[in-house]
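Note on naming: letters A, B, ... go to the chains in the order of the sequence lines (proteins, then strands), and numbering restarts at 1 for each one.
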Protein chains: 4
Amino acid sequence: MCQPSSHRPSGRPRSTDAGPAILAATRAALVELGWSGLTLGDVAARAGVAKTTLYRRWAGKNELVVDAVAALFEEQLELPDRGSLEADIHGVVLCFAGLLDRPETRTALMAVVAEATADEALRLRIRAAIVDRQKHLVLTGRERAQRRGELPPDDGPADPARDDLIFDVVAGAVVHRLMVSSQPVDDVWAHRLARLLVAGLAGVYTDGA
Amino acid sequence: MCQPSSHRPSGRPRSTDAGPAILAATRAALVELGWSGLTLGDVAARAGVAKTTLYRRWAGKNELVVDAVAALFEEQLELPDRGSLEADIHGVVLCFAGLLDRPETRTALMAVVAEATADEALRLRIRAAIVDRQKHLVLTGRERAQRRGELPPDDGPADPARDDLIFDVVAGAVVHRLMVSSQPVDDVWAHRLARLLVAGLAGVYTDGA
Amino acid sequence: MCQPSSHRPSGRPRSTDAGPAILAATRAALVELGWSGLTLGDVAARAGVAKTTLYRRWAGKNELVVDAVAALFEEQLELPDRGSLEADIHGVVLCFAGLLDRPETRTALMAVVAEATADEALRLRIRAAIVDRQKHLVLTGRERAQRRGELPPDDGPADPARDDLIFDVVAGAVVHRLMVSSQPVDDVWAHRLARLLVAGLAGVYTDGA
Amino acid sequence: MCQPSSHRPSGRPRSTDAGPAILAATRAALVELGWSGLTLGDVAARAGVAKTTLYRRWAGKNELVVDAVAALFEEQLELPDRGSLEADIHGVVLCFAGLLDRPETRTALMAVVAEATADEALRLRIRAAIVDRQKHLVLTGRERAQRRGELPPDDGPADPARDDLIFDVVAGAVVHRLMVSSQPVDDVWAHRLARLLVAGLAGVYTDGA
DNA sequence: CCTTAAACGAGACGGTACGTCGCGTCTTTCA
DNA sequence: TGAAAGACGCGACGTACCGTCTCGTTTAAGG
């Protein structure tokens, strides 16, 4: 007697559902069609919403996608103790690569980063939502290695710039290999990266860089 | 031994001027209008070329921009001998960062990479036009360091995967710091990255990884 | 009983001005530029309308021109009572010839008919928009002549095929003389044609063909 | 002294096959694709000829098609004596309709007529090639009817304008019915037209119009 | 026999219009 | 009154043909 979805969707009660539905539709469309293939008309149709409603809440395509994608980066990666610095790095590299293997994450990250090249506010937002949120991985790993004696202890206050470097090197290498070089991040590669870093860190720390 | 495949270049040959003119026009338009404002019609007009000519040589906006930006990489990235492996790495890092400071490079590279997440052909083109063409930097730097004795010589054939790793680490770190972490690549950071890598490479090479 | 089919005129209704404005612009462009010079983009610009609007309402150049020209036929051809069947025919022949003297009518009609030789849908559109709408001229003239006693009354239901014949003979003779024979339709010729038809009709009707 | 213009037939002579092949290809393409669908590139491909060759010999699409089509109208219709004026008219109407049933004739005629609306020279050419060439049908039929006594003899010199009228009426009615009204010319219709004309002619001739 | 010169095939070129698509705005009707 | 539906102006898209222009390759005639 009642149609499952259509024929009576008219009226106002839609307004509470509309926001999340639109964001979900945006994510789905982004995965299927990519950034440039994504269409506001299509998003509206998927969300069962009129284009007008969409424009009432977001200024345009960019803003909508950024909002839709933000939630994906809320989750924190974890760093279980794998017994050695090298094993820890090896593990987190594979874990991060696994995250970027999911199409929605991959597309979303690059889309947002690309958009941010011309948007200072967005850039800050990315830093807060992604970078700062994952920095703890480096911190944890470094302190753990220092406790193990794999790295010398800090004599003074910790140097955050050093941790930042490690973060950019690890995350950057993974992203660059996957996105730009179009090569897989497999076990062998992760091992090599981990050994490179362990050796490099040892050399750097003894120098007191 | 002359042409590998098509020994019959029948018909009017392609204009030799058009290609470079189009790429230059693309870069100019990118600077002025940004990625989303870039129009193939506008590029054609700037290049003094018909839109059709442009489409005869490139499949679309993405492909064109990849090539246009690739040329920038080509002419911008060089590796003069700075006397030591560390100085070489330090130099190329700053040079690469300088390239990514230019708005057209930054915007174009990120936009194209973002688009490539859902486009295998584009991904391959990026690899061919940008990644593979810059690999020689790593090769040159590594061989130079081996001649200097900073790295041990290869006993067998060179391992390309090892060079690839270095490439992804260097380029990835720079890109990630600039684009994701939104931090500048300054002299200090470049020095630290260079020392990290030099130390790491020394450790890795003696291991025979 | 109101709308025959679509009882859901949801959404913004189509502009009431656009249609006539487009048709008028089409006629104007036809006069200035001729058939082959006519551009839908130009028509849209003249009508102060977007090209898309034009394509929302007509499938292409041919369909648009058929409708634009049909309106001319509509407003131009009338059949005032000139007192006798012969005078009526004579009048309508000159009137029709006058219509075909205007360059836009001549060019458009022939071009569209030529195009229709390979396009069934277009042929039907021509019939609906032009032929069927002008059939009433024959009907009116015939009934008037019957009331005058110039032609015998129908004893049964009217025979539409007979009216069709008259229509094709009159219109065809005028068009053929102007377009194929390249001879003017002047007063003398119109008189002769009218007399031929009046005599012929008298003969045919008494036979009961 | 021999060649009217080109005093030096030096160089490679024009291919003798190309011309006819192009014209044949044009006719074939015209039938398949219609006037507007016809493409010079396509014609060239069908004829196994380069587009250049085509443009060396014709100025453009219109000129080519007119030439290609001209040959189709060279053939003269015939008028066997069918025993009565009415039978003669009936026969020639069906014969003419049969001619216009062939797609190449139909398309060609209308294409050329359409093109001629803006081309005086072409109009004259049509008159010479088609109209004047077929007028003999009317002449023959009229004289035969006069010999039979179906029409009164001319007391003075024959009136060509009267014959022209008949020609335009017959040919025009057939063309109009087929092309504009989109109705078939069948036996019944041909009979009716013949009877209308016989009756009309009788009336007109006795008047001495 | 070997030049010479036009015509040839192939196909890239600068243009122009095409018909489509998506954007973001607007005007309706409906609940 | 807010939301659906959808037409609108705008502008870029990528394609198709146009008619022109090189190219390298035939193919005769004439030296």
Side-chain angles (χ1 to χ4, degrees), chain A residues 6 8-15 18 36-45 48-56 58-61, chain B residues 8-18 36-45 47-61, chain C residues 8-18 36-45 47-61, chain D residues 6 8-15 17-18 36-45 48-61:
Chain A
S6 63
R8 299 298 294 271
S10 313
R12 283 181 282 172
R14 209 50 179 256
S15 87
S36 74
L38 186 145
T39 296
L40 293 205
D42 182 64
V43 168
V49 143
K51 242 189 340 170
T52 327
T53 301
L54 206 148
Y55 278 104
R56 248 180 239 116
W58 287 276
K61 188 170 168 173
Chain B
R8 305 289 301 273
S10 182
R12 176 175 174 173
R14 290 194 162 177
S15 162
T16 53
D17 307 344
S36 70
L38 187 148
T39 291
L40 293 207
D42 181 67
V43 168
V49 143
K51 212 170 30 144
T52 24
T53 297
L54 205 150
Y55 278 105
R56 266 183 217 109
R57 303 175 179 220
W58 286 276
K61 193 168 165 173
Chain C
R8 305 289 302 274
S10 182
R12 175 175 176 175
R14 291 195 163 177
S15 162
T16 53
D17 308 343
S36 69
L38 187 148
T39 292
L40 293 207
D42 181 66
V43 169
V49 144
K51 212 168 36 142
T52 21
T53 297
L54 205 150
Y55 278 104
R56 266 185 215 106
R57 302 175 181 221
W58 286 276
K61 193 166 165 174
Chain D
S6 81
R8 290 292 179 191
S10 178
R12 175 176 175 175
R14 288 194 164 176
S15 161
D17 308 343
S36 74
L38 186 145
T39 296
L40 292 207
D42 182 65
V43 168
V49 142
K51 233 183 357 162
T52 330
T53 300
L54 207 148
Y55 278 104
R56 258 181 225 114
R57 302 175 183 219
W58 286 277
K61 189 169 167 172

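For D:R12 and E:dA7, the CZ to C1' distance is 5 Å, given to the nearest whole Å. To the nearest angstrom, P of E:dG11 lies 17 Å from CG of D:L54. For the pair D:L40 CG and F:dA16 C1', the interatomic distance rounds to 13 Å; values are reported in whole Å. The nearest whole Å value for the distance from the NZ atom in C:K51 to the C1' atom in F:dC13 is 10 Å. Taking atom CG of B:D17 as the reference point, atom P of F:dT22 lies 13 Å away to the nearest angstrom.
Between B:V49 and C:A59, the one whose closest nucleotide on DNA chain E sits nearer the 5' end is B:V49. The nearest heavy atom of DNA chain F to D:G60 and to D:R56 marks one nucleotide each, and the one closer to the 5' end goes with D:G60. Heavy-atom distances to DNA chain E give each of C:P13 and C:T52 a nearest nucleotide, and the one nearer the 5′ end belongs to C:T52. Along DNA chain F, the nucleotide closest to C:A50 and the one closest to B:Y55 are compared, and the more 5′ of them pairs with C:A50.
Distance check, rounded to the nearest 0.5 Å: CZ of B:R57 to OG1 of B:T52 gives 11.0 Å.
Between the B:S15 side chain and the B:D17 main chain, a donor and an acceptor come within less than 3.5 Å of each other. Put simply, the side chain of C:R14 gets close to the backbone of C:R56: a donor and an acceptor are under 3.5 Å apart.
Nucleic acid contact class of C:K61 (heavy atoms, under 4.0 Å, all strands): none.
Here D:T53 reaches the OP1 or OP2 of E:dG9: one of its side-chain N or O atoms lies under 4.0 Å away. Taking side-chain N and O atoms only, C:R14 has no distance below 4.0 Å to OP1 or OP2 of F:dA5. B:R57 has a side-chain polar atom (N or O) that falls below the 4.0 Å cut-off from OP1 or OP2 of E:dC13.
When every heavy atom of A:L54 is checked against every heavy atom of A:L40, the shortest pair comes out as CD1-O, 3.8 Å. Nearest heavy atom pair, residue B:A50 against residue B:A44, reads C-CB, 4.0 Å. Between D:K61 and D:L38, the closest heavy-atom pair is NZ-O, 3.0 Å.
In this structure, the helix from E:dT3-F:dA29 to E:dA31-F:dT1 shows an angle of 20° between the axis at its start and the axis at its end, each fitted on 5 base pairs and rounded to 10°.
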